[in-house]
There are 2 protein chains.
Amino acid sequence: MLPLQEYISIFIHQTDLTLTNYIKSKLAPFQLAPEQNLIMMLLWEKDGLNQNEIAEKLKKDKTNIARMVYNLEQKGFIHRVVGEHDRRSLRVFLTDEGKKLGEQVIPIAEEFNRLVCKGITEEELIELRRILTKMSSNME
Amino acid sequence: MLPLQEYISIFIHQTDLTLTNYIKSKLAPFQLAPEQNLIMMLLWEKDGLNQNEIAEKLKKDKTNIARMVYNLEQKGFIHRVVGEHDRRSLRVFLTDEGKKLGEQVIPIAEEFNRLVCKGITEEELIELRRILTKMSSNME
DNA sequence: GTCTAATAGTTGCTATAACAACAAAATAAC
DNA sequence: GTTATTTTGTTGTTATAGCAACTATTAGAC
């Protein structure tokens, strides 16, 4: 029986949790969770996306996006508007508070990425992506 | 502003989800979730571990271990016994059903690991672990 | 032996993830 | 125009994750 430490998927999972917990602690003072922040980052880049677009861009389930967007609205960072041309869809717009948040949070996210990659060369990052991509495609 | 696809942490997270979802679908017919299966795998290796030991070996929060163990007990795969020498602790033992499950599930888990690593050399796996380890240590 | 500090497990809470089912709106087919 | 199909977002459910708070038990200090 293969020992657990031989499962590379477990190792990847633990790494993911470690990275996520770090950025989680850095975003907590802003009332933002890591995944919520991904939505904010999309909106800081392009305001007014509908929920479906957000789900597609983030490769996430629309259910989860809807819930996260709802929570962000509750926090006052965004508000949702029924689409003009399609009354089924909801467009998501930043509030003033949400816009201002970007000035503080974007530098934190970028610093996080630099820290993750510290001491790792560009070639190593490319190799990492190549291997992980191969693993994902092995799942098809 | 750095585009989202430049964040290696997001890429790792998505890979983790892809791998996890695959094994999740393979374990579903056995009423087992991936993380629950890790507990089972420990017990198939060594029956009678207490919850704290399981949490330590899996590097997981004891709260979550307690909940997962509870669910496995509800499913009839394990039962918990108060420790003889320490009445605070609960030792986790496989039921007959839980033991038999291993015959079917262990091969699936090992096949999963082989599939994940298909077309990836041992050297590449070592490199992957080295880079991910560096990233995790960057978080300290 | 008595009192204090630490420990094992539980309850509570918030967040993400994925799938099913459903209603309303839009699109496609005829 | 009418009907069938597809799409967008919501509700429900189950699972993992992490932190706080708490209780009962054990270990350590004196």
Side-chain angles (χ1 to χ4, degrees), chain A residues 9-10 12-28 30-40 49-56 58-75 80-92 139, chain B residues 9-10 12-28 30-40 49-56 58-75 80-92 139:
Chain A
S9 54
I10 297 177
I12 291 168
H13 185 64
Q14 284 170 348
T15 305
D16 180 29
L17 291 176
T18 300
L19 302 185
T20 299
N21 283 327
Y22 182 88
I23 188 61
K24 184 177 171 183
S25 69
K26 298 299 176 191
L27 294 176
F30 306 97
Q31 313 291 116
L32 268 179
E35 302 303 321
Q36 292 172 359
N37 192 43
L38 298 185
I39 294 173
M40 295 301 289
L49 297 171
N50 65 42
Q51 288 182 192
N52 205 45
E53 283 172 314
I54 294 174
E56 283 172 357
L58 294 182
K59 299 191 181 82
K60 287 183 186 291
D61 183 64
K62 61 179 181 178
T63 319
N64 298 322
I65 294 298
R67 291 201 168 107
M68 284 191 261
V69 165
Y70 170 79
N71 287 332
L72 287 171
E73 189 175 48
Q74 295 298 104
K75 290 173 183 177
R80 290 181 290 179
V81 179
V82 175
E84 293 170 5
H85 305 297
D86 185 340
R87 302 226 319 288
R88 297 172 306 179
S89 82
L90 289 174
R91 298 186 65 194
V92 184
M139 300 293 103
Chain B
S9 54
I10 297 177
I12 291 168
H13 185 63
Q14 284 170 349
T15 304
D16 180 29
L17 290 176
T18 299
L19 302 186
T20 299
N21 283 328
Y22 182 88
I23 188 61
K24 184 176 172 184
S25 70
K26 297 300 175 191
L27 294 175
F30 305 98
Q31 313 291 118
L32 268 179
E35 303 302 320
Q36 293 173 358
N37 192 44
L38 297 185
I39 295 173
M40 295 301 289
L49 297 172
N50 64 43
Q51 287 180 193
N52 204 45
E53 284 172 315
I54 294 173
E56 283 173 359
L58 294 181
K59 299 192 182 86
K60 288 182 187 292
D61 185 62
K62 62 179 181 178
T63 318
N64 297 321
I65 295 297
R67 290 203 171 103
M68 284 190 263
V69 165
Y70 171 80
N71 287 332
L72 287 171
E73 190 175 47
Q74 293 299 105
K75 290 174 183 176
R80 292 181 289 178
V81 179
V82 176
E84 293 171 4
H85 305 296
D86 186 340
R87 304 227 317 291
R88 296 173 305 182
S89 82
L90 289 174
R91 297 185 66 193
V92 184
M139 298 294 103

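Just so we're on the same page: letters track the sequence lines, and every chain starts at 1.
- In this entry the distance linking CD1 of B:I54 with P of C:dT10 reads 11 Å, nearest Å.
- Atom-to-atom, CG of A:D61 to C1' of C:dA15 comes out at 15 Å; the value is rounded to the nearest Å.
- Note: CG (A:L19) to P (D:dG18) measures 12 Å, nearest angstrom.
- Distance alone, capped at 3.5 Å, is enough to place a donor-acceptor pair between the B:E73 side chain and the B:R80 backbone.
- For the pair A:E56 CD and D:dT7 P, the computed distance is 11 Å after rounding to whole Å.
- The minimum heavy-atom distance linking A:Q14 with B:L58 is given by the pair NE2-O, 3.6 Å.
- With sequence neighbours excluded, no residue forms a salt bridge (Lys or Arg N to Asp or Glu O under 4.0 Å) with B:K26.
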* For every nucleotide of nucleotides 9-16 of chain D, 5' to 3': is a protein heavy atom under 4.0 Å from its base (B), only from its sugar-phosphate (S), or from neither (-)? -> BBBBB-SS
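- Summarising the geometry of A:T20 relative to A:P34, their closest heavy-atom pair is O-CG, 4.0 Å, with the distance given to 0.1 Å.
- Look at CG on A:L49: it is 14 Å from P on D:dT8, rounded to the nearest Å.
- The residue B:L17 sits close only to the backbone: its heavy atoms come under 4.0 Å of sugar-phosphate atoms, none of a base.
- Atom CD of B:Q74 and atom P of C:dT10 are 12 Å apart (whole Å).
- One atom, CZ of A:R87, and another, P of D:dT7, lie 20 Å apart when rounded to the nearest Å.
- For D:dA17, the OP1/OP2 oxygens have no side-chain nitrogen or oxygen of A:N21 closer than 4.0 Å.
- Partners of A:R88 by salt bridge (Lys or Arg N to Asp or Glu O under 4.0 Å), not counting sequence neighbours, listed by chain and number: A:D86.
- Toward the 5' end of DNA chain D, the nearer of the two residues A:T18 and A:D86, judged by each one's closest nucleotide, is A:D86.
- Residues A:K62 and A:A55 share a closest heavy-atom pair of CA-CB, 4.0 Å.
- The distance between atom CG of A:L72 and atom P of C:dT14, rounded to the nearest whole Å, is 16 Å.
- Listed here is the closest heavy atom pair of B:Q36 and B:Q31: OE1-O, 4.0 Å.
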